[in-house]
Amino acid sequence: MKSDTSNSRRGRFPHVARPQPTQSAPRTDGDDLRRTVLSATTHGRSRSDVSGHPTSGGTPITPRTLQGSKSSELRSSIEPLIKNEIEQNVVEIRAEAFIHAFLYPFTKLDEPDPEIMERDRGLAEACHDMLKEGLSDDDVLMSMLTDARCPKYSKNAFTLLDPNVKEEKDLYTPFRKLFTFISAFYRLSLQNQSTPLDIDAAWPDAVDPKPGHTASLNNSLRRDVFDTHNMVLKFSPRLVGETADLKPDLVLMLHRDKDPDTKQPAVYWKDVKIPIEVKIDFRSEGDIIPQVARYARAMLMEQFDRKFAITVLLSATECRLFHWDSVGCHATEPIDIHKDPILFIRCIARLAMMTPEEFGYDDHFSNAGRVLSDQDITTALTVRESPIRQYIDRECSPEEKLPETATSMLLELDTGNFIFESRGILFHRHTRVWRGKEITDVKTWETGSTRIVKQNWAEDTRPCEGYFYKLAKEVPTVSSLLLMEECDHTWAYHNRIADQDMIGYLKATENKPDRQPRRKAAQQAEGDWSTFGPDPQNELNTLEQRSRTPLTAGSKPVDSLERVLLRFVFEEEYRPLSDAKDSKEVMDATVQWVQGLITLDSLGIVHRDISYSNLMLPVIDSTLPRLKPAKIIDLGLAHWKDPQRSEQAPSRSVSSAPEIPTDGQGSLSKDPGMSGARAPRAHHHITGTLPFIAWELIQQPQNTSNASYIEHGLHHDVESIFWVLVYLCHFRAGKWRTEDMAITLERLNDPRTDVVASKKENILGMSRHTLTQIAGQFYKLRDFLKAFADYWFACYLDNKPIDVFKVLYLAIEHRDKLGQSGQEAAALVTVQQRAPVTPPRLTATVDSSKRKSSTFEDPPEIDERREEESEDVVGARRKKTKLP
């Protein structure tokens, strides 16, 4: 599970100006409406009064629990979280703006090709005329027009799409047939133009990138609309544990030779390009939007090579298109399909014509978007070197750009076994980590060393993770970065939308106004539906009744949230703590971890996410004279130490100021490859993985109004190592796990911050029986853990932070003691004598199949997505009488 310190979601689109092309695009407006804050009632993004860094807007008391990586996809489990996630994050824009921004490729001038748009508009008019006349010279199109199930356009409305339909299932076949006709019309029309264009040419059959593999004779895949309303779509084997009840009514699906008129035995999310939800009307739209959001989530979970997703919502009279990315969602205003058939046809036709890249697939992956669910072929990834800059919320300057001959690396990815895959709700970093074998010879496909590939959508206003690795390249305990690439930016799409095209936020709560009035008898008899659709005088069309919150202007500008897709290649894989063999090995590594954090602190870097998964053991290599060092990985949430103490924010950090490389005048040095540096900004401090966050950072203040500011400092990260060792002892206790240990493990894994804080308070306080009762494979760690807790409590009583060097000395002392002791395995007999095991009736051990956050791969985490930690949440200085 992940936790988020923000009870309220930030408003999605106050916008920071981005660099524009030399020749400005007419629709790109750096000072558009997204630069303004919403009204006071809107949860807009603001700056913290304490730190000045962009925050989630507000400083709530309790962090919010987010979805973990092993959670159910059933509606009852996920939909409440979805609704909370999309509140103030689904922005309604003009339909033309949506088409312009998301459905057409952009040229070097950052504008869609006007000739292509004009061509498609003309084809839409011709398609409409053909549907109106019901005649075609082409036999294929004519056979479709004579199909009684295919709608025609007559008397200002599409037939068969009746607003008075009693059941939505009566709309499935008409919509499917209409989409098929529009797709076929465009396909044939473009093939017959003076310069023939095959819209299927961009979708060749996937071919294994290894030498010797060739495409099949029929090398073009098809995209057709299938009826899936009574089918639960399936996930691939790597997500086989997921349980879901996702049944979109229609899907635009990639296939080789399936018949859309035939019911399919199974449909997989891997093959779905566009899920389509059909409703009788949009009267309960606030409840429908979370449903289509779940479809977008399923596609982005399943399709690791996809950067964004598109979904469609239809009714008998209206249509909406949604574009979902790692930041938020844009939705078209309702398109009246009867009153504006040309616009409707243009939207549907574009979905039929788009290339994999225009659908959001990343062409750095081989066969991106074209590998079918029944195929098992190699995935190759190309990573191209980008300049490593401190901040990446802007374009590279000419001096920062690398030459065209910059390093690139080809890797064969193990996509069937992810090392790590984050599972937020919708708008998050989408972190994925793979093993990849470096390809040293493409012709023979000779493989070299195994590398670790990590990618995520990082917030672009935060310091770049790669920059921290570059500064720490001489730190032996920090993982070694070989290559980093900036792949894409969300603002590249969002900047295409001008202020006049923004309408409002769509609500994520259910809203059911009265249904549209039924047709008059005369209209029904004549089949004239021209007067149907939104009525300006009807209450249904007010902003509130349309489940819409208007955007308001007039406030001061603030930063917007945008993300950048970063991809990293690390030198090697390290051993996880799950491979630890004995207490001596763990204490050896503990000494190195503390030393590593101290060294990072000397560089002005605070890690902020020390956890079970981010502390690694040395790689065992028998060819080397000595072990490699233990490692600290994942600087994705790292930040600078605060450059100075604010009067509003007194610090209790160990160090007084960050030792960040400067030019001698207090400014960050601008060494080669690191230009564009700026003064470090203060940051939020409740960050990390919940079972391992320092107690001081998660303990709730007794009096919020008198809360003191607490910096996340070195001593907090060192304390996190203590919690990792506590967790290790309990998690790996196996058959020696007592009932008390099982309860402790369950409390540390609890997604509720107050429960975790209370348990940590108990462990660190004077009643520290939890530590003295540790049994199992790592029971010898308990002496160090108890010594740490004694020292921590003494510092607490003296109202001062722990001295990290004293902790280091403690770790060295206990490591040396363990080095003098006998083999760990022989001590297990003693463990059984000292800590009797409760008989098999004990079932308090954590069952990973029943609890969402019970495995070390999936501990609760403070939300990594938007720097949403709050300084005021945990700032109150604790009373000495609070700890037992």
Side-chain angles (χ1 to χ4, degrees), residues 475-478 574-600 607 610-621 624 626-633 691-692 694 714-715 717-734 736-737 741 744-745 748 763-764 768 770-792 802-828 830-831 834-835 856:
V475 182
T477 50
V478 174
Y574 311 109
R575 293 170 54 221
L577 274 171
S578 57
D579 284 355
K581 293 179 172 55
D582 53 43
S583 298
K584 173 63 168 59
E585 181 183 36
V586 174
M587 283 307 304
D588 281 339
T590 298
V591 171
Q592 297 177 62
W593 294 329
V594 176
Q595 290 172 331
L597 289 176
I598 292 173
T599 308
L600 284 176
H607 188 284
I610 296 299
S611 67
Y612 190 99
S613 300
N614 290 340
L615 295 179
M616 312 299 284
L617 298 172
V619 175
I620 298 175
D621 188 342
L624 298 177
R626 56 181 298 179
L627 281 176
K628 293 183 178 182
K631 292 291 184 177
I632 300 171
I633 66 171
F692 317 114
L714 170 62
H715 60 294
D717 280 345
V718 171
E719 182 186 328
S720 292
I721 295 178
F722 164 80
W723 293 116
V724 170
L725 298 185
V726 171
Y727 193 90
L728 171 71
C729 292
H730 289 75
F731 182 75
R732 296 280 305 279
W736 293 281
R737 185 183 298 146
M741 292 179 68
T744 297
L745 185 61
L748 290 177
I763 292 173
L764 290 169
R768 292 189 289 279
T770 301
L771 300 179
T772 60
Q773 292 184 2
I774 288 176
Q777 183 178 359
F778 301 98
Y779 91 97
K780 284 193 174 182
L781 292 177
R782 65 189 181 192
D783 291 340
F784 168 71
L785 297 177
K786 187 175 182 302
F788 176 93
D790 289 340
Y791 173 63
W792 185 97
I802 59 174
D803 184 330
V804 295
F805 288 99
K806 288 187 177 181
V807 175
L808 177 60
Y809 299 148
L810 275 177
I812 293 173
E813 177 186 351
H814 284 80
R815 178 199 63 184
D816 294 343
K817 285 182 179 179
L818 288 178
Q820 298 170 4
S821 64
Q823 294 182 353
E824 188 90 14
L828 293 179
T830 307
V831 175
R834 294 182 182 180
F856 72 87

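Quick note: residue numbers are just sequence positions, from 1.
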Taking C-beta and beyond as the side chain, do [X] and [Y] meet within less than 4.5 Å on heavy atoms?
{"X": "Thr772", "Y": "Arg782", "answer": "no"}
{"X": "His607", "Y": "Leu597", "answer": "yes"}
{"X": "Asp579", "Y": "Pro576", "answer": "yes"}
{"X": "Lys817", "Y": "Asp783", "answer": "no"}
{"X": "Phe722", "Y": "Leu764", "answer": "yes"}
{"X": "Val807", "Y": "His715", "answer": "no"}
{"X": "His814", "Y": "Thr590", "answer": "no"}
{"X": "Val478", "Y": "Leu600", "answer": "yes"}

Minimum heavy-atom separation for [X] and [Y], please, with both atom names.
{"X": "Leu627", "Y": "Pro618", "value": "CB-CB, 4.4 Å"}
{"X": "Gln777", "Y": "Arg732", "value": "OE1-NH2, 3.4 Å"}
{"X": "Leu771", "Y": "Ala789", "value": "CD1-CB, 3.7 Å"}
{"X": "Trp736", "Y": "Gly776", "value": "CB-CA, 3.5 Å"}
{"X": "Ser720", "Y": "Ala694", "value": "OG-N, 4.0 Å"}
{"X": "Ser583", "Y": "Tyr779", "value": "OG-N, 4.3 Å"}

Out of curiosity, [X] [atom1] to [Y] [atom2], how far, rounded to the nearest 0.5 Å?
{"X": "Lys581", "Y": "Leu617", "atom1": "NZ", "atom2": "CG", "result": "8.5 Å"}
{"X": "Gln592", "Y": "Met616", "atom1": "CD", "atom2": "CE", "result": "13.5 Å"}
{"X": "Leu728", "Y": "Leu615", "atom1": "CG", "atom2": "CG", "result": "10.5 Å"}
{"X": "Phe692", "Y": "Leu725", "atom1": "CZ", "atom2": "CG", "result": "10.0 Å"}
{"X": "Ile763", "Y": "Leu785", "atom1": "CD1", "atom2": "CG", "result": "9.5 Å"}
{"X": "Ile610", "Y": "Trp593", "atom1": "CD1", "atom2": "CH2", "result": "9.5 Å"}

Query raised in the report: Stepwise, does the side chain to side chain contact (heavy atoms under 4.5 Å, CB included) test hold for Thr477 with Thr599?
Result: CA-CA 9 Å; Thr477 50; Thr599 308; 5.9 Å; no

Requested in this report: Applying side chain to side chain contact (heavy atoms under 4.5 Å, CB included) between Ile598 and each of Leu714, Asp717, Val475, report the one that passes.
Outcome: Leu714

Requested in this report: Report yes or no: does Lys631 contribute a side-chain atom to a donor-acceptor pair with the main-chain N or O of Pro476 at less than 3.5 Å?
Outcome: yes

Report task. Could you please spell out the steps behind the side chain to side chain contact (heavy atoms under 4.5 Å, CB included) verdict for Phe788 and Glu719? Result -> CA-CA 9 Å; Phe788 176 93; Glu719 182 186 328; 4.2 Å; yes

Query raised in the report: How are the rings of Tyr727 and Phe731 set relative to one another: parallel (under 30°), tilted (30 to 60°) or perpendicular (over 60°)?
Result: parallel

Report task. With side chain to side chain contact (heavy atoms under 4.5 Å, CB included) as the test, would you mind laying out the steps for Leu810 and Lys806 before giving the verdict? Result -> CA-CA 6 Å; Leu810 275 177; Lys806 288 187 177 181; 5.9 Å; no

